[in-house]
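These notes are about the structure you will find just below.
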Amino acid sequence: MNIVVCVKYVPDATADRKFEDDYTVDRVGVDGLLSELDEYAVEQALQFREKREGEDIEITALTVGPEKAVDAVRKALQMGADKGVHVVDDAIAGSDYIATSLVLAKAIEKVGADLVVCGMASTDASGSVVPAMLAERLGMPQVTLASVIESQGDQVRIKRDNEGSTEVIGATLPIVLSVTDQSGEARYPSFKGIMAAKKKPLETFSLSDLGVDAGQVGLSVAWSQVEDTTERPPRTAGEIVTDEDGSGADALVGFLASKKFI
Amino acid sequence: MSEVLVVIDHADGEVKKPTYELLTIARRLGEPSAVFFGSPDQGDAVAEKVKKYGAEKVYVVDDAQIKGYLVAPKAEALQQLAEKSSPAAILLPSTFENKEVAGRLAIKLGSGLITDAVDVAEGGVTTQSVFAGNYTVQAKVTQGTPIITVKPNSAAPEEAAGAGAVEAFAATVSDVAKTAQIVATQPRQSTGRPELTEAAIVVSGGRGTGGNFESVEGFADSLGAAVGASRAAVDSGWMPHAFQVGQTGKTVSPQLYVANGISGAIQHRAGMQTSKTIVAVNKDPEAPIFELVDFGVVGDLHTVLPAATDKVKERKG
Ligand SMILES: Cc1cc2nc3c(=O)[nH]c(=O)nc-3n(C[C@H](O)[C@H](O)[C@H](O)COP(=O)(O)OP(=O)(O)OC[C@H]3O[C@@H](n4cnc5c(N)ncnc54)[C@H](O)[C@@H]3O)c2cc1C
Ligand SMILES: Nc1ncnc2c1ncn2[C@@H]1O[C@H](COP(=O)(O)O)[C@@H](O)[C@H]1O
């Protein structure tokens with residue numbers, strides 16, 4: 001069985017994230033890493049395999065992104081994935097969801113997958129749309145936003161928190177699965193895992209390797225275009241009081257009343 | 001004028017406020033046609049409500065073939081509706097489910113997609129708040145029919161009389177769209193408080209509550225507010241995940257957000273930074289949340305909040 005985990009290389013959320021002059025996300029000037037939410041995807045792929053002793057399961061970590069994005073694949077290999085695929089091509093820069101999902105889908109088809117695992121959202125774009133788009137493109141059932149995953153044979157069941165309800169979703173492999181940060185903490189790479197990762201196969205594909213025409217992707221053909229970005233002005237420093245014998249509650253209620261919240 | 005499809009947000013026929021916000025926004029782009037996925041018996045009642053906010057047409061899509069499966073059938077139905085009505089834009093309330101519907105629809109229609117807009121101006125220029133609220137981005141769909149998901153509280157609903165003409169729409173759902181089956185649904189119990197994403201006031205608690213949410217809930221109730229929680233509080237099992245505010249929980253943008261015993265991590269900020277007024281109660285004067293606040297109290301939430309609750313009640317009489 002083949003499992004493909006989609007892992008994205010994102011700018012560190014705790015660093016100063018910025019935009020380039022062409023309004024694309026600065027993916028070079030800011031330290032990047034494997035999107036934390038995709039660690040949960042790697043974790044669930046590994047657990048899926050661990051629960052199926054004796055089955056021959058290969059886990060491929062796949063990323064679409066610039067040179068440095070290979071770091072995201074490396075981390076997944078350190079955690080326990082078997083091989084890596086990095087799709088890199090200058091033409092991809094500035095791609096939107098539609099183009100990114102196209103490239104991912106083509107790469108998944110090339111590798112072959114019985115199970116595609118994604119994170120619930122990328123921590124930079126946070127669209128939570130790529131997994132649904134992959135299901136659409138690959139013609140596979142969409143089993144997304146799972147907090148609990150169970151499987152037996154080719155049957156998969158997940159628990160999904162919706163707006164007003166919790167649902168159980170069932171489907172038959174092959175599927176596209178996305179998992180939330182409620183699905184269970186991701187493991188840290190062990191020293192052994194880090195050493196082993198260095199010897200694991202890592203393939204690099206260009207668009208032409210995937211049979212994708214460069215004119216179908218990238219900033220110039222984006223289906224939506226950013227016209228402007230503005231840094232939010234820092235909030236003006238507010239009033240801070242220290243509570244002493246109930247003075248805090250008085251001041252708080254006074255503030256709320258002055259703003260007409262009471 | 002072209003139609004603008006607006007997907008109605010509702011719970012069993014009970015239309016929710018974001019629908020009215022969306023209809024208000026849709027009028028800037030064309031003539032709103034509301035799309036109701038639900039039981040046809042509720043169609044007329046729903047139409048009565050949405051026509052007050054300018055819905056000229058109300059497409060009633062019987063969801064008998066749709067509701068048993070995840071996301072894909074809705075995307076198919078909307079594709080068929082779009083092909084019939086050639087809309088100027090398609091607007092959906094920005095929930096996780098609708099974003100997924102929008103994603104699939106974008107591929108089906110070969111159309112551009114913009115998620116989590118906090119505003120849409122005439123001409124279709126959207127505003128989004130990104131990087132945990134540190135940037136705003138103006139964008140526009142440049143290919144196909146703009147598909148835009150819009151966050152709650154993005155516009156003040158404005159009434160406008162529409163014809164509200166009900167039109168039944170029979171969608172054809174393919175077999176491929178029926179492969180992810182909803183095996184069971186458990187509705188969440190109502191708390192009796194306002195819905196987190198729609199509330200004008202949100203009062204949240206974090207690890208600093210120590211697991212006792214009584215002071216937070218009491219204060220929330222005195223203000224008629226919704227209750228929220230940080231992930232630390234959710235991970236500790238003190239509050240259900242549905243209450244989580246932040247990157248992997250709900251994004252809220254209320255008039256007033258009160259953070260209690262919450263340090264203000266970037267992932268929490270991502271879900272509340274666009275609130276109009278921010279207040280915090282925290283023991284630690286160095287807590288990063290104080291960088292965001294309009295008003296802050298350095299103190300123990302378990303003493304400050306109960307006292308404040310009494311004072312609010314006194315004022316309200
Ligand atoms: C991928 C990812 C996604 C995440 N998503 C989210 C998310 O959606 N939402 C979210 O909230 N977090 C999220 N987090 C977690 C986030 O990084 C923080 O760990 C979390 O927000 C901390 O919660 P807290 O502020 O309640 O706890 P802490 O950071 O522990 O802060 C507790 C605060 O309470 C104060 N305090 C203690 N006792 C009292 C008292 N008696 N009275 C008053 N104050 C007191 C302390 O001074 C402290 O400031 C995410 C993290 C990751 C990596
Ligand atoms: N460029 C990419 N490379 C690999 N995986 C991606 C990429 N973009 C998105 N994904 C996957 O899709 C999920 C959702 O992303 P998004 O829709 O951007 O929020 C992520 O958690 C990843 O698993």
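In summary, the side chains of B:Gln138 and B:Thr127 do present a donor paired with an acceptor at a separation below 3.5 Å, with no hydrogens or angles considered. No hydrogens or angles considered: a donor-acceptor pair under 3.5 Å links the side chains of B:Thr149 and B:Ser94. Residues B:Arg104 and A:Gln142 bring a donor and an acceptor atom of their side chains to less than 3.5 Å of each other. B:Ser111 and B:Gln143 form no side-chain donor-acceptor contact under 3.5 Å, judged by distance and modelled atom types alone.
If you measure heavy-atom distances from B:Asp235 to chain A, the contacts under 4.5 Å come from the side chain alone. For a residue to count as touching a neighbouring chain, one of its non-hydrogen atoms must lie under 4.5 Å from one of that chain's; by this rule B:Leu256 touches chain A with backbone and side chain alike. Proximity to chain A (any heavy atom under 4.5 Å) is shown, for B:Ala307, by both the backbone and the side chain. Using a 4.5 Å cut-off between heavy atoms, B:Gln247 touches chain A through its side chain atoms alone. Neither the backbone nor the side chain of B:Val258 comes within less than 4.5 Å of any heavy atom of chain A. Within the 4.5 angstrom heavy-atom criterion, no atom of B:Ala242 approaches chain A. When heavy atoms are compared at a cutoff of 4.5 Å, A:Ala135 approaches chain B by way of both its backbone and its side chain. For B:Thr115, the part lying under 4.5 angstrom from a heavy atom of chain A is the side chain only. Of the two parts of B:Thr136, the backbone and the side chain both hold a non-hydrogen atom closer than 4.5 Å to a non-hydrogen atom of chain A. B:Val130 touches chain A through its side chain: at least one heavy atom from C-beta onward sits under 4.5 Å away, while N, CA, C and O do not. Only the side chain of B:Val279 comes within contact range of chain A, with at least one heavy atom under 4.5 Å from a heavy atom of that chain. At a 4.5 Å heavy-atom cutoff, the contact between B:Ile182 and chain A is made by backbone and side-chain atoms alike. The parts of B:Asp294 that come within reach of chain A are both its backbone and its side chain, each placing non-hydrogen atoms under 4.5 angstrom from that chain. Contacts between B:Arg315 and chain A at a heavy-atom distance below 4.5 Å involve the side chain alone, from C-beta outward. The contact between B:Lys276 and chain A is made entirely by backbone atoms, counting heavy-atom distances below 4.5 Å.
Comparing B:Ile266, B:Ile107, B:Val141 by how many heavy-atom pairs each has under 4.5 Å with chain A, the most go to B:Ile107. Among A:Ile169, A:Val226, A:Thr229, the residue making the largest number of heavy-atom pairs under 4.5 Å with chain B is A:Ile169. Of the listed residues A:Arg160, A:Arg137, A:Lys259, the one with more heavy-atom pairs under 4.5 angstrom with chain B than any other is A:Arg160. With respect to chain B, the highest number of heavy-atom pairs below 4.5 Å among A:Gly248, A:Ala237, A:Ser147, A:Pro11 belongs to A:Gly248. When each of A:Ala251, A:Ala171, A:Gly139 is checked for heavy-atom pairs under 4.5 Å with chain B, A:Ala251 comes out on top. Options B:Thr303, B:Leu196, B:Val137 differ in how many heavy-atom pairs under 4.5 Å they form with chain A, and the most are formed by B:Val137. Heavy-atom pairs under 4.5 Å with chain B were tallied for A:Val129, A:Val241, A:Leu37, A:Asp250; the largest tally goes to A:Val241.
Using a 30° and 60° split on the angle between ring planes, B:His268 and B:Tyr257 fall in the tilted class, from 30° to 60°.
Contact annotation for residues 280-290 of chain B against chain A (heavy-atom separation below 4.5 Å, listed by residue number): B:Val281, B:Phe290.
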Apply side chain to side chain donor-acceptor pair (under 3.5 Å) to residues A:Asp96 and A:Gln225 and explain how you reach the verdict.
CA-CA 9 Å; A:Asp96 58 8; A:Gln225 216 112 44; over 6 Å; no
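The minimum heavy-atom distance between B:Pro254 and B:Ala200, with the atom names listed, is CB-O, 3.3 Å.
Taking the ring pair (Phe, Tyr, Trp, His ring centres under 6.0 Å) definition, one finds that B:His302 meets it with nothing, sequence neighbours left out.
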